[in-house]
Amino acid sequence: MKLSRFYRLTASSWRRLALAPAALFAVGVLHAQTVSNHTTTTPVKLPEPVTLLSFDEGTGTYAADSVGDHPATLMGQASWATGLVGPWALGLPGVAGSYADIASTVVDTTQSFSVAAWVKLNNTNGYQTFVSEDTPGGEAAFFLQLRADSGQFSFTVPYDFFVNPQSLFTPVAGQWYHLAGVYDANAHSATLYVNGILTDQILYVSPNAASGHSSVGRGQFGGGMVDWNNDSIDDVRFYQTALTASQVLQVARIGNPSLAGPPPVEPATLHVDVAHPGAQINPAFHGLMIEEINHALDGGLYGELIQNRVFQNDPNVPVNWSAVQENGGAGSIALDTTQPITGTMLTTSLKVSITQAGKVGAANDGYWGIPVKANTSYKASFYAKASGMTGPLNVSIESIDGSVVYAQAQVPTVTTDWVQYSVTLATGAAAPTENTHFVISAGTTGTLWLNQVSLFPPTYNQRSNGNRIDLMQLMAGLKPGFLRFPGGNYLEGQTIAQRFEWKNTIGPISQRAGHESPWGYRSDDGLGMLEFLEWCEDLNMQPLVAVYAGYSLDGETVTGTALQPYVQDALDEIQYITGSTSTQWGAQRAADGHPAPFPLTYVEVGNEDFFDSTGSYDGRFTQFFDAIRQNYPNLKIIATTTVTSRTPDIYDQHFYETPRSFEQSVHQYDNYTRTGPKIFVGEYASQEGRPVPDLNAALGDAAWLTGLERNADLVILESYAPMFVNINPGASQWPTNLIGYDALHSYASPSYYAKMMLNQNGGTVVLPTTLTTTGGTKFSESVSQDSQTGTIYIKGVNAANQAQKVNIILDGISGVAPQATVTVLTSASPQDTNTLTEPSKVVPVTSKAKVSGNFEFSFAPYSVTVLAIQSK
Ligand code: AHR
């Protein structure tokens, strides 16, 4: 985690850079030299700039604004250099204090605007910001810049999350480049053009309001001036409008009329070497990752419908509960710690004081409502005791105003001792609604105490402490091979005391007090260790368990002998999962209801330990590795960042990027070392779309997956994160998530469907491919085959706005069935997505196509396509 608006080293860039910086930036680099003269554009009328600094004075320190009233003053050692547009340019020596100062704000950065400049770098060292406007907050409203973290040009604008702009355009020194940054206030997008070609676009951008000075040749960060330039800058323009792509190209052509603009999409050729299959694909390759975030479990997958069922979510008030006073009744509710239930973790109860008879009790809001469906049975249970009354108690699911009762039952009597009661609530022919609450009420005066109030709808496989059916079905559609759990940051906790302590999550739920999660709300731990494992069993996937490894998010670490109890705890955990009933923890698992051990292959030690700035992970990992290897020699042990003292079996790497960045990183693992540990891409997701990814993100994710699959000899496991989001206001913490829901409905995102298509058409072996492209192609592919059935799966991702023709040649094949099954995911706009009300806007469509051993296929614009071809 580490949510940040900072534009420097973010969690995201850290993740990427931590493990493979060289590999990352060696790929997909678009150089200006590769642009050829493909495009002829009819000149369009250009808007008037607000300011145009031509820097053609060539002497003195004054640079005129040839269209407006924002001249610049050359500061420090700023001087004159040979120009590109006109005879002179601003010349900057890479010395602090040397830049051109504009003593005012030029454009209103809260409205649409564009800035453009020609830049020739003397070197590509460090951050160099070419154009920016200051804000009172101390961080420029925008930075048209060269970034030091990526070495790339960028139009950096504060963003509502942590993904940095990445143009993937790495400049070289000594060459003129035209840069244009365009902020569109309607789309909330920041777009960077280099030499008239769109190289990056980020959504959800909201620039701060500029006020004060503007500058050419520096930025503003941390309250000071930064990013000194060593370069020449020419023809700097500010527009109070979002320039279109063709307008940007026209502005660029003022300096270089031969700029070609975006190259067209040209036909490509794909050779598939059917005769020489490559790596076996791990049958568990495609998996899931889960942690308690966004109300993924409580208020999500976990069937429990009562929020704050043990009254420990807030020590002061019974949050999510309210007093019911109807039919002339009066009373109140309050937390009470004086009536613990002996032998349980239920230490805080809800005291209902009824002072006037009527209908008085307590109502629970559920997780943004209690989902009412027609003809459905709900199981309610609770502990109760009373004083001055004996019942009966009425238990019901009602509309918020109490006017409609959807289901009700009675507990005839209550006593002065704690007793657990259960009733069934059955609905009739009701229209589905979540505008409801759950009520326990009495008709007489007296005092009533309640604890562990629970309500379950029907669950998947009818498990008594089980999971929501629709979400289980959606996961089943992905045919997952494994489940990585329990995190993520949720494993680590904000503090050591708040880590995921698996032993507190087993046994009867009355033994589970819950714990604080790092995502700002308390977890019930009702979906605990055994429930995670049974969930794996239900979906026929392997558990991939992450063990707490002595580091929590606040930076606390445990090392050396102090770590040994934690190592033992991990060994106990593995024994709980895999041990026979003759072992201590295997026997405990049997006592908890599951005598049979679970299969286990993968154990991960910690999570994202590159955040541990003390550098203790190497030592901590060693302690876990040695103990696990000695006791469980067959387990594959996963490290979360580089270690040197031991060789992990697998490294877990995480990527949260823009769709474009994923598309351009499909060769990330092509040249990666094959002599070291295998790779688990344990978290990745294109960050576009709120609260679920849009089609553009799905294209990025699918392209990335093709790169992982092509490298299946090295990358053996992948899981998207986060998987779930409760879309109610205030329920989520993460912006882009695979599957959305409220209490009653759920829907899958375009990225879900893209992943589903690749998962379901995985094959068993990789078929080597050679893709030859020219022009503006944005196509990625992977091909696999099921060696049992002979079916060949060609997966193609076309991120371009035009169809991509590909000549597909199946080398070494004797023949194919003439018709292939074609599954396509696409939509009119890359920003199209699915929602609760339109859950099927972007879904795969299946048809048939004629194929042969050598055929042309046209991949639709903005599409993910799978061709299933039967070989003969
Ligand atoms: O997926 C959300 C978070 O991102 C995970 O908890 C953490 O591992 C990563 O920082």
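Counting starts at 1 for both ligands and their atoms, in listed order. Scope of the values below: all heavy atoms of this structure, side chains included, with no hydrogens, waters or symmetry mates.
In this structure a side-chain-to-backbone donor-acceptor pair under 3.5 Å is present from Asn282 to Ile716.
The closest approach between Tyr656 and ligand 1 falls below 4.0 Å for a heavy atom of the residue. The closest approach between any non-hydrogen atom of Pro722 and ligand 1 is below 4.0 Å. Contact annotation: Trp519 has at least one heavy atom less than 4.0 Å from an atom of ligand 1.
The aromatic ring centroids of Trp734 and Tyr656 lie less than 6.0 Å from each other. Aromatic pair Phe680/Tyr651: ring centres not closer than 6.0 Å.
Arg690 forms a cation-pi arrangement with Tyr204, by the criterion of a distance under 6.0 Å to the ring centre and an angle within 45° of the ring axis.
An N or O contact shorter than 3.5 Å links Glu608 to ligand 1 by distance. Taking distance alone, with nitrogen or oxygen atoms compared against 3.5 Å, Glu683 approaches ligand 1 more closely than that limit.
Each of the following atoms of ligand 1 lies closer than 4.0 Å to a heavy atom of Glu291: 1 (O), 2 (C), 3 (C), 5 (C), 6 (O). Close approach of ligand 1 to Asn607 is summarised as follows: ligand atoms under 4.0 Å from at least one heavy atom of the residue are 7 (C), 8 (O).
Using a 30° and 60° split on the angle between ring planes, Phe621 and Tyr617 fall in the tilted class, from 30° to 60°.
A salt bridge is defined here as a Lys NZ or Arg NE, NH1 or NH2 lying under 4.0 Å from an Asp or Glu carboxylate O, and Lys678 with Asp713 fails to meet this definition.
Looking at Trp734 against ligand 1, only its side chain comes within 4.0 Å, counting heavy atoms. Neither the backbone nor the side chain of Met289 has any atom closer than 4.0 Å to an atom of ligand 1 (non-hydrogen atoms only).
In this structure the side chain of Thr578 reaches within 4.5 angstrom of the side chain of Tyr632, judged on heavy atoms.
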